[in-house]
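These notes concern the structure reproduced below.
Everything numeric in this text was worked out from a predicted model, so none of it was measured. Computation of the quantities below employed the complete heavy-atom set of this structure, encompassing side-chain atoms and omitting hydrogens, waters and symmetry-equivalent molecules.
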Amino acid sequence: MSKNLYQSFRNLYEKSITVDILAENIVMFDISLSLQEIIQEAGDKGFDQVAISKEKVVIGYINTLDVQDIYEPTLHILKPIQHYEMISANTPLSDLIEVLKEHPRLFILDKNKVTKIITVADLQKQPFTMWIFGVINILEMLLVTVIKQHYPNNEWQQYLSESRLSLAQQLYDKKVLRNEDISLLQCLQIADKMTIVTKNEGLIHELGFSSRTKLLKTFKSIQQVRNSIAHAQDLNDELEWSEIFEIISECEKLIVRLEEIL
């Protein structure tokens, strides 16, 4: 597969899966309503963050959990939306992650108007997990290509146990019977491909790692996220969101490094 095809896959994910697909329509309350009315209705709808509007234009927001006196004038506790709390609806998810690291709640701008809101909780939705899975799949395809490049005569087999090779061989034989054009290398599990790469000292340094141990740690973290998605688990069952963001960031860095050396 050529580098242009890799870029095409990346463009597909960046252009097709954006912030807008994850965001929820914002719940707005007019500034004329009492704080008591706003909190009551917001609670009935299950919202903690609500937008306050004037003449149907958002002028700020309220976190109902922070309210101490429900008889206080709404205007007194209104928080203006800062520029760093806003993000465009067509922002790629890769950019969203960088912003959510600092601000776990963002307001979505569409034609210069705040129309939606997104929080870290929205990252449990399928479009986001699909995007992560796609990013990891791109990494896996690049691993196959770099292994082919460094081991053109299948010398990579020496780095795997007989049981791992046997599993791949069984899958390969089935695909051959179905007339699928595939190689034994492609039939390996992603963990096997990662193992092979970590056995090559030159590759380890080309990928920007100072030791095999550090690359192994990164690979294992990526596998952990991938397995959570594959088993339909919540992403943050075992990891904090900050850890997940870091793992995705490392995965994208690996993709860029692999593209550079191919």
Side-chain angles (χ1 to χ4, degrees), residues 13-133 225 228-229 232-246 248:
Y13 283 111
E14 288 186 357
K15 293 178 180 178
S16 301
I17 308 179
T18 61
V19 169
D20 190 56
I21 203 170
L22 292 176
E24 295 284 349
N25 289 328
I26 199 164
V27 178
M28 291 194 298
F29 294 93
D30 193 85
I31 189 67
S32 63
L33 293 173
S34 70
L35 187 55
Q36 187 177 13
E37 289 175 303
I38 292 172
I39 291 176
Q40 178 65 52
E41 190 171 343
D44 292 342
K45 293 180 178 179
F47 292 105
D48 298 330
Q49 309 280 344
V50 295
I52 305 300
S53 63
K54 184 177 182 180
E55 297 178 357
K56 297 183 179 181
V57 176
V58 175
I59 58 174
Y61 69 95
I62 288 174
N63 185 335
T64 62
L65 298 178
D66 293 339
V67 175
Q68 296 181 352
D69 182 2
I70 61 172
Y71 299 107
E72 189 175 5
T74 302
L75 190 61
H76 286 187
I77 64 165
L78 180 70
K79 297 179 180 179
I81 300 175
Q82 304 296 333
H83 68 89
Y84 53 77
E85 296 178 295
M86 295 184 285
I87 195 167
S88 172
N90 60 3
T91 301
L93 293 190
S94 54
D95 293 341
L96 168 68
I97 288 173
E98 291 303 312
V99 183
L100 278 178
K101 285 180 181 178
E102 304 296 329
H103 310 289
R105 175 207 58 249
L106 295 167
F107 296 92
I108 311 303
L109 278 176
D110 188 9
K111 297 179 180 178
N112 294 323
K113 288 185 178 181
V114 173
T115 58
K116 296 183 178 182
I117 189 171
I118 188 167
T119 67
V120 172
D122 291 313
L123 300 185
Q124 295 287 6
K125 296 176 181 176
Q126 283 190 333
F128 184 72
T129 55
M130 286 171 56
W131 174 75
I132 296 178
F133 207 74
V225 171
S228 292
I229 296 171
Q233 297 173 342
D234 283 349
L235 277 175
N236 65 333
D237 273 354
E238 298 179 357
L239 296 167
E240 297 294 331
W241 280 113
S242 58
E243 294 176 296
I244 294 170
F245 292 157
E246 186 60 33
I248 296 169

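Considering OG of S88 and CG of D110, their distance stands at 7.5 Å, rounded to 0.5 Å. Note that OH of Y61 and CD1 of I81 are 7.5 Å apart. Values are rounded to the nearest 0.5 Å. Here the CD-CD1 distance, from Q126 to I229, works out to 11.0 Å after rounding to the nearest 0.5 Å. For the atom pair CG (L33) and CD (Q40), the distance works out to 12.5 Å, reported to the nearest 0.5 Å. Taken from CZ in F29 to CD1 in I52, the straight-line distance is 7.5 Å, to the nearest 0.5 Å. Rounding to the nearest 0.5 Å places CD1 of I70 at 7.5 Å from CG of L35.
For the pair D122 and F128, the minimum side-chain heavy-atom distance is 4.5 Å or more. By the 4.5 Å heavy-atom criterion applied to side chains, L100 and L123 are counted as neighbours. The closest side-chain heavy-atom distance from H103 to I87 is not below 4.5 Å. Taking the side chain as every heavy atom from C-beta outward, W131 and I97 approach each other to under 4.5 Å. Considering only heavy atoms from C-beta on, Y84 stays 4.5 Å or farther from V99 through its side chain. Put simply, the side chain of I62 reaches to within 4.5 Å of the side chain of I77, judged on heavy atoms. Between K113 and V58, the closest side-chain pair of non-hydrogen atoms is not below 4.5 Å.
Between A51 and I26, the shortest heavy-atom distance links the atoms CB-CD1, 3.4 Å.
In this structure, the side chain of T64 engages the main chain of D48 through a donor-acceptor pair within 3.5 Å. Put simply, the side chain of K54 never gets that close to the backbone of I31: no donor and acceptor are under 3.5 Å apart.
Looking only at atom types and distance, the side chain of T18 has no donor-acceptor partner in the side chain of D20 under 3.5 Å away.
Looking at residues two or more places apart in sequence or on another chain, you find no ring-ring contact (aromatic ring centres under 6.0 Å, His included) involving Y71. A search for salt bridge (charged side-chain N to carboxylate O under 4.0 Å, His left out) contacts involving E41 returns K45, not counting sequence neighbours. Applying the side chain to side chain contact (heavy atoms under 4.5 Å, CB included) rule to N25 yields the partners K116; only residues at least two apart in sequence or on another chain are considered.
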| request: Apply side chain to side chain contact (heavy atoms under 4.5 Å, CB included) to L106 and V19, showing your working. | output: CA-CA 10 Å; L106 295 167; V19 169; over 6 Å; no

